[in-house]
Amino acid sequence: MAKRIESVGLSAYYGGFRAIEDVSVVIEPKTITALIGPSGCGKSTFLRTLNRLHEVVPGARVTGQLLLDDEDIYGPGVDATGVRRTIGMVFQRPNPFPTMSIYDNVAAGLRLNGVKRKGVLDDAVERSLQGANLWKEVKDRLTKPGAGLSGGQQQRLCIARAIAVEPQVLLMDEPCSALDPISTLAIEDLMTELKDRFTIVIVTHNMQQAARVSDRTGFFTIEATGEPGRLVEIDDTQKIFSNPGEKRTEDYITGRFG
Amino acid sequence: MTSSAQTSRASRVLVAVSCVAVLAACGTDEQRPFDQASDGQPAGQIACADGSLTAAGSSAQKNAMDEWVRAYQSACKASTINYQPSGSGAGIEQFVAGTVAFAGTDSSLKDQEVVGATARCKGAPALNLPMVIGPVALAYNLPGVPELVLDAPTIAKVFSGVVTTWDDPAIAALNPQAKLPSSRIQPFVRSDESGTTDNLQKYLKAAAPAQWTFGTGKKFAGPGNQSAPKSDGVTQAVKTTPNAISYVEVSFAENAGLDVARIATGASAPVELTTESAAEAVESATVKGSGNDLALELDYATKDEGAYPIVLVTYEIACQSGNDPASLPLVKSFLAYTASEAGQDQLEGAGYAPLPSSLRKKVEASVQSLS
Amino acid sequence: MSLGSLPPVTTDPASARPGAPDQPVPSLPRTAGRTAERRGDRAFRGLSLSAGLSLLGIILAIAVFLVVKAIPALQDNTASFLTDRVWDPNNAQPAFGIVALAFGTVLSSVLALLMALPVALGVALFISHVAPRRLAGVLGYVIDLLAAVPSVVYGLWGIFFLNDKVVVASAFLHEHAGWFPLFGGDDIFGRSIFLASIVLAIMILPIIASLSREVFLQVPVSQQEAALALGATRWEMIRTAVLPFGKPGVIGATMLGLGRALGETIAVAIVLSPAFVVSLDILSTNSGNTIAANVALGFAEASSTGRGALIASGLVLFAITLVVNVIARAIIYRRREFAGAL
C-alpha cells in the first residue's frame, strides 16, 4: 500500500512570493525521508505540497508535477480531499480535536469516509492505537477527552488518527519539536515500526533525529531572505551526515551555518 | 459595489427609518394651524406669575398641556411648568401624596379617591375643573365610501364581532345612498390602556346598553378585534388596512386624512364631528359637582340637535383651599390662562374642542376661588 | 565513514529545559518596589471584588424591588396569578394571571430562536470561513451595525413593511399546511405572534451571528488543518473542527439572543395585536401577548394595583430568563471536559 512519490520541477507560492523553487525529488515506498534545513527554507512548505494542504492558505498555489505512483496529484480533475485521504499528516504541535474523546479522535477520519458501523470503527480504533503504541495507555479511558493526555500521548494519538484511515504516505511536520526527549524517543521508535507499512516523510530541525530515524535525508536552504527555498541535495542519510556532496550541506550539519 | 457606497446606503435607510419613527411618535405636532400664532400673540392676555410647579396625570391632556405650557412660558419667562403625562391614576396618586400642585385626569374623582384628596387639601374639597374636551372620531378606511353614518348599536356590534361585513343590513339601513362593499370589516382597537377606549366604551354602554354588554374601562373589553398601540398605531393601522375602522382622537384622524363617520344619535340628522358639535355635547351635560366643583355628568345618549356624543372631558384636580402658598399664584395664573378664551382657542388645531362659553366662565370663576 | 562520528543522541531531559535547577539562581530582590506592587495588587483585588459584589447587589436589589412592589397587588388579586389567563388588574376587582403572557413570551422567543439560529450560524460561518476577506469585512461590519439598531426601528419596519408580506405568507401556510399545529386558526389579518417572532428573529440574528463569528474565528488553524489533512471537505472541516469547538460560545450567543427576545418590549408592542390567550395558532391575529410588551402597553395608564400586577409579571420574566440561563450553563458545564478553549 505504501506508494512512491516523485516531484518534478515543483514550485510553491504564497500569492506573489515564491516559497520553494524547482524541487525535483524521488521518495521510495516504505522508507523514511527526513527534510532538514534552516528556518524559512521551505521544507515545511514542500511537505504541505505533498498532500495539497499548501493550497488551503488563501492565495497559495503550486506549479510543477507531483506524482504518486505515476499519478499527478495536481493533475486536472484530481480532488484535493481525496489526495489528503491517501496521504496522512502529523503536525508540529499535537492537535487532537479538543471536543472529541480519544475514541472519536481516532475514528474521525473513518467517519469522514462514511464508516458508521460500530464494529468496524472499534476494530480500526484499537488497531490504530496499537499501531501508535498508545493502546495500553488509553484503552480504559477511550471516552475521555483527547486533550487530557500528555503531550507525547497526544502526538501518538494524532499519529493513530492519521493511520486509522490506512493512508499510503505519512507526512510528519516536526512531530517531536514540542515534546520532551522520552516522548521523542517513543515517537521515533514508532516511526521505525510504521516504516514497514507507510512511506514516511518527516521535517525536522533536529539533525540527530534525522540521523537516527531516516533512510534518506534532503537538505533545503535559502540564499537570502525573500529568495525561494531550494533542495540542495538529497541522498542516503549516512552519506549526507558523513560525506555530503555539497559544501553548504556540510556547513549546516557541522553547525557552521548561520 | 464598494463598501463605502454600501455603508452610506445603509445609513440612508437608517435615517429614513428613524424619521418614520420620529414622525409616528410626534405626528400631532405637525400641521397645527395655531403653531405660528402661539408664540407671541397670547402673551398680552396672560397675567403672569413667577416660580415653578409640577403637575401630572392624564396622557390624553398631554398635547394640550404641551401647547399651553409652551405658550405660557414664552409669555412668562420667570415661570417653569412641568406636566408629566404619567396617566390619570398615577396623577391622582401623586396629587394625594402632595408631590404635584394639580393633577390631570380623564374622569372626575371617584368616591374612594375623594377621601385622600380631601386629606391632601387639609379638609377642603378637591375641585374637578373641566379643562380639555377631546372628541373621539370613528375613523375608517373604505375606498369609495367617503360618507358613512353609524349609530351606537351598530358601532357596538362592529366592535364586538356581531356585524362583520360592510354591507350588513344594520349599516346599509343607516346608509341607503352608499355603495357598501361586501368585504369583511377590520375593526381596530387600542392595545394599550387608554382613556379614549374608556370613553368609547362608556358611550356604547350608555347609548347601546342592549348591544354593549362588555363593560367599560381603559382596556378594550369587546371580543375579536385587532389592536395596535397608541393613537399613532391605530391611526396607521386604519390608514394601511382597507376595510378598517377604529376610534381615535380627532386630530389623528384629520392628520392622517382618514374619513370620519357621522353619528346617528336620534336627532333629526346624523351629527358630524366638529368643534361646535363636540362643545354642544358638553353644553348639554349637567354639572354634578357642588359649589366650585364642576364635575360633569355627560349624557352619552344625548339626542340634542347637533350634539356629538363621543367626547372625552378631562379635568384638572386642584384644592379649593389649603394649596401650597409658594405655588398657588402660579397654579391660579396658569389655570386661569388655560380656562381663558385665548387658552381654549389655542387648542383647536391640536384636535381638541374649546369649552362651551357658559362652562368656561364657571371654570374661570372656580380657578379664581382657589386659595 | 561510520555512524560513530554522528552527533550523540541526546536524552538528557535538562538540555530540553532551559532554566534547570542546577543553574545558579540570583537571590530574590527585596526592595521597596515589591511592596508597591503588593499595594497595587491589593487595590486591584479590592476594585474587582467590589465590582463583582455590586453586580450581585444590583441583581438582588432588582429582585427585592420586584417582590416588594408586586406583593400588594398579588394580595388584591381575585384571580389566581399562576394559573389564570385574564388580565384586568385596573378593575375595582383586580383579576390577573400570568399564564397567557408567559406562554406567549416563551413561544414567540423560541420561534424567533428557531428561525434566527440556523441563519445566524450560516452568516457567521460564511463570514469566518467562506467569504473572501474583503467581503467578510464588509459583512461583519454590517452585522455589527444591525446589532446596534434600536428595537423601535425593527418594530416600525415590522409593522410598516413586513406585516403585509407576513399576512400573505401566513395565508399560504394556513392553506397548504393547516394540518400543522402551529398553522391552524382563522382570522389571518397580521399582527400575529408569527409576525412578532419574525421581527424578534431579525433582531437577535445579528447578535448571534456577530458573537458566533468571533467564536469561529478563534478556532485554531491547527484544528482546521487536522481535519483537512484527514481529507475533510470544507463543510466536513467546519462540522468536525469548527462547530464543536465553537459550541459553548454559540450556546452563549444563543442565550444572549434568547434573553433579548424574551425581554424585547417596544418592537413586540408595536407589531403585536395582543390577546390574553394560550394558543398555538401563531398565524392568527390576537394569537398571544408577551410579558414585556404588556408592561409597555399597560404601564402608562395603570392604577397602583395595575402597576403592581405588571411588576409581578416582570418578576416572572426575571425568573424565566434565570431558568433559561441556568439551563444553558448546565449544558456547557456537562460538556466542560470537552470545552474547546482548554
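In what follows, every chain begins at residue 1, and chains take the letters A, B, ... in the order their sequences are listed.
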Residue part contacting chain C, namely of [X], when any heavy atom lies under 4.5 Å:
{"X": "R190(B)", "answer": "neither"}
{"X": "S86(B)", "answer": "backbone"}
{"X": "Q226(B)", "answer": "both"}
{"X": "Q112(B)", "answer": "neither"}

When you check the side-chain N and O atoms of [X] and [Y], is any donor under 3.5 Å from an acceptor?
{"X": "D106(B)", "Y": "T314(B)", "answer": "no"}
{"X": "S210(C)", "Y": "D144(C)", "answer": "yes"}
{"X": "Q93(C)", "Y": "T78(C)", "answer": "no"}
{"X": "S273(C)", "Y": "N286(C)", "answer": "yes"}

Problem set entry | Largest heavy-atom contact set with chain B, pairs under 4.5 Å, which of P150(C), G298(C), A269(C), S304(C) |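 Top option by heavy-atom pairs under 4.5 Å: S304(C).
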For this session: Between chain C and each of A90(B), S227(B), A221(B), count heavy-atom pairs under 4.5 Å; write down the option with the most.
Result: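 Sorted descending by pairs with chain C, the first entry is S227(B).
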Problem set entry | Heavy-atom pairs under 4.5 Å with chain C, option from D192(B), T241(B), T240(B) with the top count |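 Winner by heavy-atom pair count: D192(B).
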Is it the side chain or the backbone of [X] that comes within 4.5 Å of chain B heavy atoms, both, or neither?
{"X": "L272(C)", "answer": "backbone"}
{"X": "R307(C)", "answer": "side chain"}
{"X": "S303(C)", "answer": "backbone"}

Problem set entry | F220(B)/W212(B) aromatic ring centres below 6.0 Å |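 Close enough - the centres of the two rings lie under 6.0 Å apart.
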Exercise. Can T54(B) and Y83(B) be said to form a side-chain hydrogen bond (donor to acceptor under 3.5 Å, both in side chains), step by step?
Worked result: CA-CA 6 Å; T54(B) 303; Y83(B) 182 83; over 6 Å; no
Problem set entry | side chain to side chain contact (heavy atoms under 4.5 Å, CB included) between Y154(C) and E264(C), intermediate numbers included | CA-CA 11 Å; Y154(C) 285 104; E264(C) 176 49 40; over 6 Å; no
